[in-house]
Number of protein chains: 2
Amino acid sequence: MRDTNVADEVTRAAVDLFATQGYANTSVQQIVEAAGVTKGAMYHYFESKDDLLFAIYDRMLSLQKAHLDEIIARGGPVDEVLRAVCVDVIETSIDFLPEGTVFFRSMHMLTAPRQQEVTRRRRAYHDEFAALIERGQAEGLYRTDIPRPVLIAHFFSDVHYLSHWYSPHGAEGKTLVAEQITDLFLTSIRTTDVAS
Amino acid sequence: MRDTNVADEVTRAAVDLFATQGYANTSVQQIVEAAGVTKGAMYHYFESKDDLLFAIYDRMLSLQKAHLDEIIARGGPVDEVLRAVCVDVIETSIDFLPEGTVFFRSMHMLTAPRQQEVTRRRRAYHDEFAALIERGQAEGLYRTDIPRPVLIAHFFSDVHYLSHWYSPHGAEGKTLVAEQITDLFLTSIRTTDVAS
DNA sequence: CTCCTCATACCGACCAGACGGTATGGCGAG
DNA sequence: CTCGCCATACCGTCTGGTCGGTATGAGGAG
C-alpha cells in the first residue's frame, strides 16, 4: 500500500499526457499505465474520462480564484492592486503551465454542463478583474478610449499564450517575465503621463 | 456535376465542424455528410483526415505570409510598416476566425512531419516580424529593456486570443478592433515619448 | 481472541460500437 | 476500351466504459 493517493497519481499522469498528446489522443489505458494503477482503480475515483479532465481544471481555477480574492481583500491603491493581480496570475499560470495547456486546448471537449461550469468560474474571475480596471478608469488612471472588453482580452491573451512560448528551462525567471508582461500591459492602458 | 469543387465543399465543412466540435471529435462521416459528398469522393482528394487538417492550415498560412511580404515590400518608416503589419494580421485573423480556432487548438494533432512544416512556416513569419522590431529598436523607437521574444509573444498573444472573445456579430467592427489592439501594442513597446 | 458482517478499494477480462481507411465496381466521357 | 471520378460495402483496430469478483480491514458479538 502506498501513502500517495491513487487519484493524485492518476491526475498527475493525466496532466502530462493530455498536455503532450492532447485529450482526445490519450486513452485511459495510457493514463493508468503511466500512473501505475489499473483501469478499475481509476474508475473507482473518477466517473469518466471527462470527469478527470474537469478535476484538473477545478484545481487550477480554485487556486487562482483564491489568490485573486486574497489580493483584492488586502486593499490599497488600484494601480498597485492591479499590478499585484497581474503578476500573480502570470506567475501561477507558469507554475501550472501543463494544466494551462490542457485547459485552453481541451476545454471544448467537456460535456455541456461541465463546460458551463468552467465558463461561469472564468467569468467570475474576469468580472473582478474588470471591476479593477473600471475603478482605475474612474480615478482617471486608465484610458477610456478603448472598450473595456478589449483591454481585458488584451491582458488575458498574454496569460493564455504563455504555454505557447514560455519554457521553464529558458533563461528568464518566471517572476521577471511576469513583471515584464505586467509592465507592458499597464503601460498600454494608462493615460499618457505627460497629460497630468 | 456541380460547378463547386468537391474539395472546396469538404474543406469548408471540415473547418466548421473542427471549429465547433474539435478535430478529434469530428468523424469523417460527419464531414462528408455536411459537405454533401461521400467518403469515397473525399478520400479521392485528401489522402487522410490529417491531410485535410493540414490543407486548412496551408491556405491560411500562405495567405498571411503573402500579405506580410507585400506590406514589407512596400517599404517606408519602420513604425508605419509595423503598424500596417499588425493591423493586417489582426484583420485577416478575424476573417479566418474559424480557421484560426482550429489552427491553435488542433495543431498538435498533426503527424510529426506535418507539425514541423507548420512550425517552420510560423517561425518564418515570426522572424520577419522580429526583424521589424529590431530595426525599430536600432532607430531608438522601441524599448530594449524587455527581451525581444517577450515583445513578440506579447503581440501574437493578441492575435491568438481573438478566437476566444471576438464575435463578428458584436458591435465592434474588425478594422476598429485591429487598430485598437495595434495601438495598445505599439504604445507598450515604444520608448517613453517624454524622453525625446 | 474468534468469528461473522459489511463496506470500501481495487482488479482485469470483457463489451458494443465507432472510427479511419480501403477494396471493389459502376459510370460517363473521350 | 480506358481512365479519372466517385458510390458502397466492408474491415481491423481501438476506445471508453462495465461488471463480476476479490482483498483488506474495521467493527460488533459472543
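Reminder, nothing fancy here: chain letters follow the sequence lines and each chain counts from 1.
- Partners of A/Thr20 according to the side-chain contact (heavy atoms from CB on, under 4.5 Å) rule, which considers only residues two or more places apart in sequence or in another chain, do not exist here.
- In this structure, the side chain of B/Lys49 engages the main chain of B/Thr26 through a donor-acceptor pair within 3.5 Å.
- Annotation: side-chain contact (heavy atoms from CB on, under 4.5 Å) contacts of B/Tyr43 (sequence neighbours excluded): B/Val28, B/Lys39.
- The side chain to side chain donor-acceptor pair (under 3.5 Å) search around B/Gln180 returns none, not counting sequence neighbours.
- For B/Tyr23, the ring-ring contact (aromatic ring centres under 6.0 Å, His included) test picks out B/Phe18, with sequence neighbours left out.
- Taken residue by residue, residues 26-33 of chain B places heavy atoms nearer than 4.0 Å to DNA chain C at B/Thr26, B/Ser27, B/Val28.
- Every residue was checked against the ring-ring contact (aromatic ring centres under 6.0 Å, His included) condition with A/Tyr45, not counting sequence neighbours, and none meets it.
- Taking five base pairs at each end of the helix from C/dC1-D/dG30 to C/dG30-D/dC1, the local helix axes there meet at an angle of 10°, rounded to 10°.
- Looking at residues two or more places apart in sequence or on another chain, you find a side-chain contact (heavy atoms from CB on, under 4.5 Å) between A/Thr92 and A/Gln64, A/His67, A/Asp88.
- If you check residues 102-111 of chain A against DNA chain C, you find no residue with a heavy atom closer than 4.0 Å.
- Scanning for ring-ring contact (aromatic ring centres under 6.0 Å, His included) contacts around A/His164 gives A/Tyr161, B/His160, with sequence neighbours left out.
- Taking the nucleotide of DNA chain C with the nearest heavy atom to each of A/Gly40 and B/Tyr23, the more 5' of the two is matched to A/Gly40.
- Of the residues in residues 41-59 of chain B, B/Tyr43, B/Ser48, B/Lys49 come within less than 4.0 Å of DNA chain C through at least one heavy atom, sorted by number.
- For A/Ser62, the side chain to side chain donor-acceptor pair (under 3.5 Å) criterion is met by A/Arg121, not counting sequence neighbours.
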